[in-house]
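Just below is one structure, and these are the notes that go with it.
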There are 2 protein chains.
Amino acid sequence: MSHTHESTITHLTETEIEQRLKQHGYRLTGPRGAVVEAVLGHTRPFTAEQLVAELADGPEAIGRATVYRTLEVLASVDVLTRIVSPDGHPSYLSGAPGHRHHLLCELCGTTVTFTACPMTDLIAELASDTHFEIRDHTLEVFGICPACQQAGRV
Amino acid sequence: MSHTHESTITHLTETEIEQRLKQHGYRLTGPRGAVVEAVLGHTRPFTAEQLVAELADGPEAIGRATVYRTLEVLASVDVLTRIVSPDGHPSYLSGAPGHRHHLLCELCGTTVTFTACPMTDLIAELASDTHFEIRDHTLEVFGICPACQQAGRV
DNA sequence: AGTTTATTGACACCTGGTATCACTAGTGCT
DNA sequence: AGCACTAGTGATACCAGGTGTCAATAAACT
Ligand SMILES: [Mn+2]
Ligand SMILES: [Mn+2]
Ligand SMILES: [Zn+2]
Ligand SMILES: [Zn+2]
């Protein structure tokens with residue numbers, strides 16, 4: 001496998017995440033813990049509404065607003081990445097802090113994360129050509145994973 | 001300016017667009033024409049709701065559903081590009097058919113379109129490494145244009 | 001002109017998300 | 001342990017953006 005990508009994700013434990021929240025001045029509450037636990041239960045991208053549904057069933061009955069707020073907090077503390085797909089629907093991916101890009105299977109959600117940003121050269125070139133001050137970029141790749149190809153799900 | 005990008009956009013006239021619609025089996029209706037005219041009035045990205053508002057005022061009073069439907073049709077016929085920004089809000093850009101990427105000013109919406117896709121190499125590499133069948137990708141770049149920098153709007 | 005069929009738009013509906021605000025519960029201090 | 005302070009919670013109402021329905025309309029074809 002080349003240097004431009006990797007699928008290993010930093011697997012944070014619940015307590016590590018809660019440490020990190022505390023370090024950023026956030027309190028350690030019951031509902032927050034429940035959301036973190038639910039988030040860790042996902043290895044594939046999930047939507048906010050999915051999490052809302054899961055947690056509405058659970059024993060603690062976490063409210064809608066809390067789920068959305070907590071996702072925002074977790075993203076701001078870099079234990080969660082928010083990916084907006086081309087159709088405009090955002091989903092979340094746990095355990096991926098920092099600047100990353102992804103290759104996602106359109107059928108099963110399997111995700112390959114790549115850490116090396118292939119955009120650095122292009123960005124430098126664009127900046128010097130257009131005199132824009134470049135601040136941000138989006139780059140996500142979509143396709144069908146080997147397993148889904150095999151299964152004839154293609 | 002290098003070969004990787006360009007700001008020239010194919011400027012289609014109203015009649016050319018309507019020809020194109022007809023070629024794809026769409027009828028040439030009054031409301032459709034009004035939407036096309038309104039779209040051509042924009043050189044910068046605009047939202048669907050903006051267009052709905054503009055056309056609600058106009059003499060023809062085009063309905064909400066029609067505007068959305070027509071945007072979809074125009075995008076499918078490649079006279080319009082739909083861009084989803086990182087916050088998930090879609091906007092439309094006229095006169096940009098085909099596979100393109102954009103550099104957008106976050107303040108004034110000035111857009112530089114680049115036609116050469118910088119992703120082709122990366123995609124080939126990703127495909128051979130991961131055995132994904134790669135189908136699609138998003139790539140948009142955001143920043144501040146020279147004019148906005150000058151104006152101290154930064 | 002008449003027939004066919006795509007298109008229209010009013011309307012109701014929906015999903016995903018936010019603002020409000022009285023209440024609850026962590027946290028730090030003593 | 002008790003208290004004060006403030007962050008966090010969640011019910012509720014609300015909102016934006018967008019979609020489905022369906023009877024009425026108007027292109028297109030003959
Ligand atoms: Mn990057
Ligand atoms: Mn491309
Ligand atoms: Zn798959
Ligand atoms: Zn600008």
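No hydrogens, no waters, no symmetry mates; every other heavy atom, side chains included, goes into these values. To find a chain, count down the sequence lines: A is the first, B the second, and so on, and within it residues start at 1.
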Q: Write down the distance between CD1 (Ile62(B)) and P (dT7(C)), rounded to a whole number of angstrom.
A: 15 Å
**Q.** Arg32(A) side-chain N/O to Arg27(A) backbone N/O, donor-acceptor pair under 3.5 Å
**A.** yes
Q | Greater than 12 external heavy atoms within 6.0 Å of Glu72(A)'s CD | A | no
Q) Hey, what do you get for OG1 (Thr138(B)) to NE2 (His101(B)), rounding to the nearest 0.5 Å? A) 8.5 Å
Q: Describe, in one word, how the ring planes of Tyr26(A) and His24(A) are oriented to each other, choosing from parallel (under 30°), tilted (30 to 60°) and perpendicular (over 60°).
A: parallel
Q) Closer to the 5' end of DNA chain D via nearest nucleotide, is it Pro31(B) or His89(B)? A) His89(B)
**Q.** Minimum-distance pair of heavy atoms, taken over all atoms of Phe46(A) and Leu51(A)
**A.** CE1-CD2, 3.8 Å
Q. Got a donor-acceptor contact below 3.5 angstrom from the Thr130(A) side chain to the Leu126(A) backbone?
A. yes
Q: Send over the distance from Leu21(A) CG to dG26(C) P, rounded to a whole Å.
A: 15 Å
Q.
Measuring to OP1 and OP2 of dT8(C), would you say a side-chain N or O of Thr29(B) lies under 4.0 angstrom away?
A. yes
Q.
In whole Å, I'd like the distance from the CD atom of Glu49(A) to the P atom of dG16(C).
A. 5 Å
**Q.** Nucleotide nearest Thr66(B) when distance is taken to its side chain, options dT7(C), dG9(C), dG16(C)
**A.** dG9(C)
Q.
What is the separation between atom CZ on Arg64(A) and atom P on dT18(C), rounded to the nearest whole Å?
A. 10 Å
Q.
From OH of Tyr92(A) over to C1' of dG16(C), roughly how many Å is that when rounded to an integer?
A. 10 Å
**Q.** Nearest-Å distance for atom pair NZ/C1', residues Lys22(A) and dT27(C)
**A.** 8 Å
Q.
Rounded to whole Å, how long is the line connecting atom CD of Glu18(A) with atom C1' of dG26(C)?
A. 13 Å
Q: Would you mind telling me which residue lines up with the more 5' stretch of DNA chain D, Gly30(B) or Glu72(B), judged by nearest nucleotide?
A: Glu72(B)
Q: Taking all heavy atoms of Glu60(A) and all of Gly30(A), pick out the closest pair and write down the distance.
A: OE2-O, 3.9 Å
Q: Nearest whole angstrom, please: distance from the C1' of dG16(C) to the CZ of Arg82(A).
A: 11 Å
**Q.** Residue Arg69(B), side-chain heavy atoms: nucleotide from dG26(C), dG16(C), dG9(C) that is nearest
**A.** dG9(C)
Q. Is the shortest side-chain N/O distance from Arg32(B) to OP1 or OP2 of dT7(C) below 4.0 Å?
A. yes
Q. On DNA chain D, which is the earliest and which the latest nucleotide, 5' to 3', with an atom closer than 4.0 Å to a heavy atom of chain A?
A. dT6(D) to dG10(D)
